[in-house]
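Quick notes on the structure that follows.
We count ligands from 1, going down the list as the structure has it; atoms in each ligand are counted the same way.
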Amino acid sequence: MEKNKKITILGIETSCDDTGIALISFKDKKVEILSNIVSSQTKIHEQYGGVFPMLAKREHQKNSVPVLMAALREAGLLKTATSRIPAGKLKTINFILGREQELLKQIIPFLEKYEKPDVDYIAVTNGPGLEPCLWVGTNFAKVLAYYWNLPLIPANHIEAHILVNFLQETDEIKTASFKKQNFPAICLIVSGGHTQLVLMKNLNKYELIGETRDDAAGECFDKTARVLGLGYPGGPAIAAKAAEFKGQPKIKLPRPMANSKDYDFSFSGLKTAVLYDYLKNKEVDKAEMAHEIQQAIIDILLKKTINAAINYKAKAIILGGGVTANQELRKQLAERINNMIPNTKLMTPEAKYSTDNGLMIAITAYFKLKLAVDWKKVEVDANLRIK
Ligand code: KG4
Ligand code: ZN
């Protein structure tokens, strides 16, 4: 590749309930965020108190083209130029989107109306996540890569939550860099779908050291919020209610597996305990209960994260995933690091980058240009492991 050439990457994320598309360009290690559009399906899933995969798939199909157009427009890369798709190419596009008919209906007029944008790579989350949702983004990316003749970079969603932390703000232009002294790092990735502790040995070298054996921490927030009638998504709802409580809570919930010697987690028992407690005593102070739920989840996450950081002599702790937007979690973790391992650096994403977005996928691709392949070679793996 030509040295000092400006490279532009289009990143696509659809692994759960957010349709996220971003454009970044970089030159001489300076990354410029051209756009980062996220369409969230929160309202759709509210009635279920969690993400319903087939409904999410339908929404991703509806949202993909409008979100792409918005991202291209904001980046100044949406240019009109009418052309017909040749019959042979139409056949291939039909084949790729055989299971995403709603998206197919929107993508054909889009490709005919707009010219190929000035983009060099397309990147897409190919796992882990909800399989039907992952396929929408991946097949969407495949069609774009095929029709625009661009290389495709598959990105691991968990790794993307980690790597977005390496985007450093300096004035308007951001730089992305890996500092050797930050490794090894312990990464805590907690969202509605995942709870994992990852040892980051170096760039491109990871080891999954622990994960949840049942529910994810975000799922625990969502399910307990539903029990208490606090709405969806549960994390912010519980956090807001918990902030109303002042004093010492009398309710005492269990901290499942907090003292086990491994780095695994279990949150389903906590949900059950809340349910029983609430059913027994409907008069419970919801603010007190929310406070105790949040504190129980924080206690468990912090205990294992700090233990891992000590045992692996981590130079940094890196956070990612929707649950790490929790202010109380961030505050208590920072305090504990300060008290117990003050030489360990805490890396947290800006709140808007802790939840799912296309930027984290584009940034992951920025570090992995060598992994670019032909669109035919990319497959979805809903249980993709980080390694
Ligand atoms: O990473 P994310 O946007 O999507 C995936 O699940 O992949 O995470 C969403 C999860 C939900 O379970 C939501 O309740 C939780 O993150 N969440 C929070 C907060 N904001 C979002 N949990 C605790 N505190 C918050 N402030
Ligand atoms: Zn996520």
Checklist entry - Would Glu32 and Lys6 count as a salt bridge (charged side-chain N to carboxylate O under 4.0 Å, His left out) if you check the C-alpha gap in whole Å, the side-chain angles of each, and the deciding distance to 0.1 Å? => result CA-CA 10 Å; Glu32 191 174 355; Lys6 185 166 135 187; 5.4 Å; no
Within a distance under 4.0 Å of any heavy atom of [X], pick out the atoms of ligand 1 and give their elements.
X      : value
Gly192 : 5 (C), 6 (O), 8 (O), 9 (C), 10 (C), 12 (O)
Asp356 : 1 (O), 2 (P), 3 (O), 4 (O), 5 (C), 7 (O)
Gly193 : 6 (O)
Thr355 : 3 (O)
Gly218 : 12 (O)

Should we say atom [atom1] of [X] is surrounded by more than 12 heavy atoms from elsewhere, each under 6.0 Å from it?
X      : atom1 : result
Gln101 : CD    : yes
Asn339 : CG    : yes
Asp118 : CG    : no

Checklist entry - Per the salt bridge (Lys or Arg N to Asp or Glu O under 4.0 Å) rule, which among Asp277, Asp215, Asp222 passes with Lys271? => result Asp215
Checklist entry - What do we get for Asp222 next to ligand 1 when only non-hydrogen atoms under 4.0 Å count, side chain, backbone, both or neither? => result side chain
Item to check | Side chain Asn338, main chain Ala334, donor-acceptor under 3.5 Å | outcome: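 Looks like no, no N/O pair under 3.5 Å.
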Checklist entry - Considering only the protein, which heavy-atom contact is closest to atom 24 (N) of ligand 1, and what is its distance? => result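 It is Asn326 ND2, 3.0 Å.
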Next on the checklist: Between Asn311 and Tyr263, do the side chains contain a donor N or O and an acceptor N or O under 3.5 Å apart?
Outcome noted: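 A donor-acceptor contact under 3.5 Å links the two side chains.
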Next on the checklist: Report the atom name of the nearest N/O/S atom of His157 relative to the Zn ion (ligand 2).
Outcome noted: NE2
Checklist entry - What N, O or S atom of Asp356 is found closest to the Zn ion (ligand 2)? => result OD1
Item to check | the Zn ion (ligand 2) to nearest N/O/S of His161 below 2.8 Å | outcome: yes
Next on the checklist: I want to confirm something. Looking only at heavy atoms, which of Gly322, Ala325, Gly235 is nearest to atom 21 (C) of ligand 1?
Outcome noted: Gly322
Checklist entry - What's the verdict on salt bridge (charged side-chain N to carboxylate O under 4.0 Å, His left out) for Lys252 and Glu288, showing C-alpha distance, side-chain angles and the deciding distance? => result CA-CA 10 Å; Lys252 199 75 198 145; Glu288 182 182 351; over 6 Å; no
